[in-house]
Amino acid sequence: MTANAAAITSAPAVTDEEWDARIRAAKAALGERLLILGHHYQREEVYRHADVTGDSLKLSRQAADSRAEYIVFCGVHFMAEVADILTRPEQQVVLPDLSAGCSMADMANLAKVERAWRELASVLAPDETVTPVTYINSAADLKAFCGRHGGIVCTSSNAARILEWSFARREKVLFFPDQHLGRNTGHRMGIPLEQMVTWDFSQPMGGLTPEQIRAARIILWKGFCSVHQMFRPEHIDRFLAQYPDARVISHPECSFEVCQKSEFVGSTEYIIRTVAESAPGTRWLVGTELNMVQRLHERHRHEGKSIHFMSPTICMCSTMFRIDPPHLCAALEALVEGRVINRIQVPPDEAAEARLALERMLQL
Ligand code: 13P
Ligand code: SF4
C-alpha cells in the first residue's frame, strides 16, 4: 500500500452526528445572512436543516421574497437558477453539488425548441397562434425563450391556471418538457386526448403531419420524469385489490393511466396537505418520490395513517439525492470563511427574459 493510500484508509470517518453538528454550527455563524431552501424530495439528513421546505412554486416565491445574502438551495439545478433569476444581484445562490440536475429538464434544450418553433412556422404562425409554456423543470434559456415569445412558466401546482392564461391569448400551446403534466392538466380541463399531440423531438416536424399540428390544441414535448414513469396502473390495481378502502394520490408527472386511476393528483405540497388533512387511520398509496413518501409515513403513523409507496421497486430522484450532508456542510463552511462555492449565476440577458416568463406566472 502506498503512503497516500494508507493515509486515506486510516483517516477517521466523519459520523452523521458530526456532519449534523458542523452544519448547525455553520448555520448559526451565518445567522440571517443565510437562507436554506429544501425541496420535499431531499433526504431527511439534509431536509431537517432547511429554513423553508416546499414544492417548486413555494420555493420560487420564498427565493423572490428573501433578503438573505446567501441562498443555499437543497434541490436541483433548475430550482437554483430560478432562485438566482428572482433574487437581487447582490444575493448569491448556491447549489451544494453542481451535478444535481434533472433528467427531465435535460430532455429539452434551446436548439431543439428553436428548431420546433421554426418547423411549426412552416405550418402556422407560432408567434400569433402558439403560447410556449415551459414547466419550471427546465433550463433558464428555455424560460428566456418563453419570455421572448409571449410565453410563461408553470409548476405542477398551477399548470391549469397557466394553460387558461395561455388559451386566453393564443389558440394553441407548445408545452415542454413534460408530456405527462401537460396531458394530465389538459385532460382535466376538458381538452380531448386527440387534440393533444406528442412532439417527438428526435424526428423532423416532431413526427407529426401538418394536419395533426393544425388540429392540435396542445403540442406536448415528449419528455418525462424517469422517477415518476416507474409508477404503473397495475400497481394501483394490485394495492386496491388488497386494500379496497385505500386512497390513491399521485404527482401529475405520472403517466395519464396512473393519474386516471388516482383519486387525487397534485404537486408535492398538495400531496403533503391532502394526506395531513385526511382522517386518522386512512391508508394511502402515494405516487411520488421515495424520500418524501417515507417522511410522510413517519410524520403520520402516530395518527394510525399508513402511507405506502406506489412502486414495488425503489425509485428515488438520484440527482436530488446528490445533495448530502458533506456537500451541504462544505458549502456552508466555505460561506463562513467568506468563500462562495458552487454558485449558480444565470447570465444577465438570459435572466431578464426568463424573469419575464416567471413573473407572468407569479402574478397569476
Ligand atoms: P413539485 O413542483 O411538486 O415540487 O415538483 C417538482 C419536481 O421536480 C417533481 O418531480
Ligand atoms: Fe427531475 Fe424527476 Fe427528479 Fe423531479 S423527480 S427533479 S422531474 S428527475
Side-chain angles (χ1 to χ4, degrees), residues 37-43 46-47 50 52-63 73-83 95-109 133-139 142-143 153-162 175-185 221-231 249-255 258-259 262 264-275 286-296 309-311 313-323 344 358 361-362:
L37 299 177
H39 188 267
H40 293 309
Y41 292 167
Q42 290 295 305
R43 55 170 94 197
V46 167
Y47 193 78
V52 181
T53 58
D55 64 3
S56 308
L57 182 63
K58 181 174 163 192
L59 295 177
S60 312
R61 289 191 188 282
Q62 286 291 330
F73 213 124
C74 298
V76 287
H77 193 270
F78 71 81
M79 297 180 181
E81 280 188 333
V82 169
L95 181 65
D97 183 344
L98 290 181
S99 63
C102 164
S103 54
M104 176 212 280
D106 294 342
M107 288 177 192
N109 63 37
V133 177
T134 187
Y135 188 21
I136 197 163
N137 296 35
S138 57
L142 290 181
K143 297 184 175 82
V153 177
C154 78
T155 74
S156 57
S157 46
N158 62 17
R161 224 167 337 136
I162 299 298
F175 191 96
F176 45 88
D178 185 24
Q179 59 175 304
H180 300 298
L181 176 63
R183 186 177 295 111
N184 288 324
T185 310
W221 198 260
K222 202 180 176 185
F224 60 88
C225 166
S226 48
V227 178
H228 289 85
Q229 71 155 3
M230 302 288 283
F231 306 120
I249 189 163
S250 301
H251 195 279
E253 288 175 14
C254 293
S255 70
V258 166
C259 289
S262 301
F264 304 92
V265 176
S267 75
T268 53
E269 195 75 19
Y270 170 84
I271 294 173
I272 291 170
R273 198 174 56 242
T274 308
V275 170
V286 184
T288 198
E289 207 267 348
L290 183 62
N291 280 290
M292 182 176 128
V293 179
Q294 282 176 336
R295 188 176 305 115
L296 272 177
F309 186 57
M310 193 177 283
S311 169
T313 51
I314 290 177
C315 46
M316 294 192 294
C317 178
S318 56
T319 47
M320 287 272 183
F321 200 64
R322 285 178 188 273
I323 310 294
I344 299 295
L358 280 161
M361 169 183 84
L362 293 172

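Order of appearance sets the numbers: ligands from 1, and atoms from 1 within every ligand.
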- What distance do Glu289 atom CD and His251 atom NE2 have between them, rounded to the nearest 0.5 Å? 10.5 Å
- Message: Please compare Asn137, Ile272, Leu181, Asp55 and report which has the shortest non-hydrogen distance to atom 8 (O) of ligand 1.
- Response: Asn137
- Out of Thr185, Leu181, Ile162, which residue meets the side chain to side chain contact (heavy atoms under 4.5 Å, CB included) rule with Val133? Ile162
- Task: Enumerate the atoms of ligand 2 whose separation from the nearest heavy atom of Tyr41 is less than 4.0 angstrom.
- Result: 5 (S)
- Give yes if a backbone or side-chain nitrogen or oxygen of His39 is under 3.5 Å from a nitrogen or oxygen of ligand 1, and no if not. yes
- Query: Does the side chain of Ser56 pick up a donor-acceptor pair with the side chain of Thr155 at under 3.5 Å?
  - Reply: no
- Judging by distance only, is a nitrogen or oxygen of His251 under 3.5 angstrom from one on ligand 1? yes
- Just distances here: any N/O of Ser267 and N/O of ligand 1 closer than 3.5 Å? no
- Query: Which of the atoms of ligand 1 are close to Ser156, meaning less than 4.0 Å from one of its heavy atoms?
  - Reply: 1 (P), 2 (O), 3 (O), 5 (O)
- Item | Test side chain to side chain contact (heavy atoms under 4.5 Å, CB included) applied to Phe321 and Val46, Asn291, Leu290, Asp97, the passing residue | Asn291
- Could you list which atoms of ligand 2 come closer than 4.0 Å to a heavy atom of Cys225? 2 (Fe), 5 (S), 7 (S)
- Message: For atom 6 (C) of ligand 1, what is the closest protein heavy atom, and at what distance to 0.1 Å?
- Response: Ser56 OG, 3.3 Å
- Task: Start with the C-alpha distance between Tyr47 and His40, add both sets of side-chain angles, then the distance that settles side chain to side chain donor-acceptor pair (under 3.5 Å), and finish with yes or no.
- Result: CA-CA 8 Å; Tyr47 193 78; His40 293 309; 2.8 Å; yes
- Message: Does the residue Tyr41 have a heavy-atom contact with ligand 1, meaning some pair of atoms that are separated by less than 4.0 Å?
- Response: yes
- State, yes or no, whether a side-chain contact exists between Ile271 and Asp55 at a heavy-atom distance under 4.5 Å. no
- Can Tyr41 and Thr288 be counted as having a side-chain donor-acceptor contact under 3.5 angstrom? yes
- Query: Within the stated cut-off of 2.8 Å, is an N/O/S atom of Cys317 closer than that to atom 2 (Fe) of ligand 2?
  - Reply: no
- Query: By number and element, which atoms of ligand 2 are closer than 4.0 Å to a non-hydrogen atom of Asn137?
  - Reply: 4 (Fe), 7 (S)
- Decide yes or no for Lys143 and Val82: does some side-chain heavy atom of the first lie under 4.5 Å from some side-chain heavy atom of the second? yes
- Where is the nearest protein heavy atom to atom 10 (O) of ligand 1: which residue, which atom, and how far? Glu253 OE1, 2.8 Å
- Query: Which one holds for Glu289 and ligand 1: side chain close, backbone close, both close, or neither close, with close meaning a heavy atom under 4.0 Å?
  - Reply: neither
- Nearest atoms (heavy-atom pairs only) where Cys259 meets Asn184: SG-ND2, 3.3 Å
- Whether Thr319 side chain and Gly101 backbone form a donor-acceptor pair below 3.5 Å: yes
- ligand 2 atoms nearer than 4.0 angstrom to some heavy atom of Ser103 are 8 (S)
- Task: Please verify whether a non-hydrogen atom of Cys225 lies at under 4.0 Å from ligand 1.
- Result: no
- Region of Glu253 engaging ligand 2 - heavy atom pairs below 4.0 Å: side chain
- Item | Element-labelled atoms of ligand 1 that are located less than 4.0 Å from some non-hydrogen atom of His228 | 10 (O)
- Query: Mind checking whether Tyr270 and Phe264 have parallel, tilted or perpendicular rings, split at 30° and 60°?
  - Reply: tilted
- Item | Heavy atom of the protein closest to atom 1 (Fe) of ligand 2 (residue, atom name, distance) | Cys102 SG, 2.3 Å
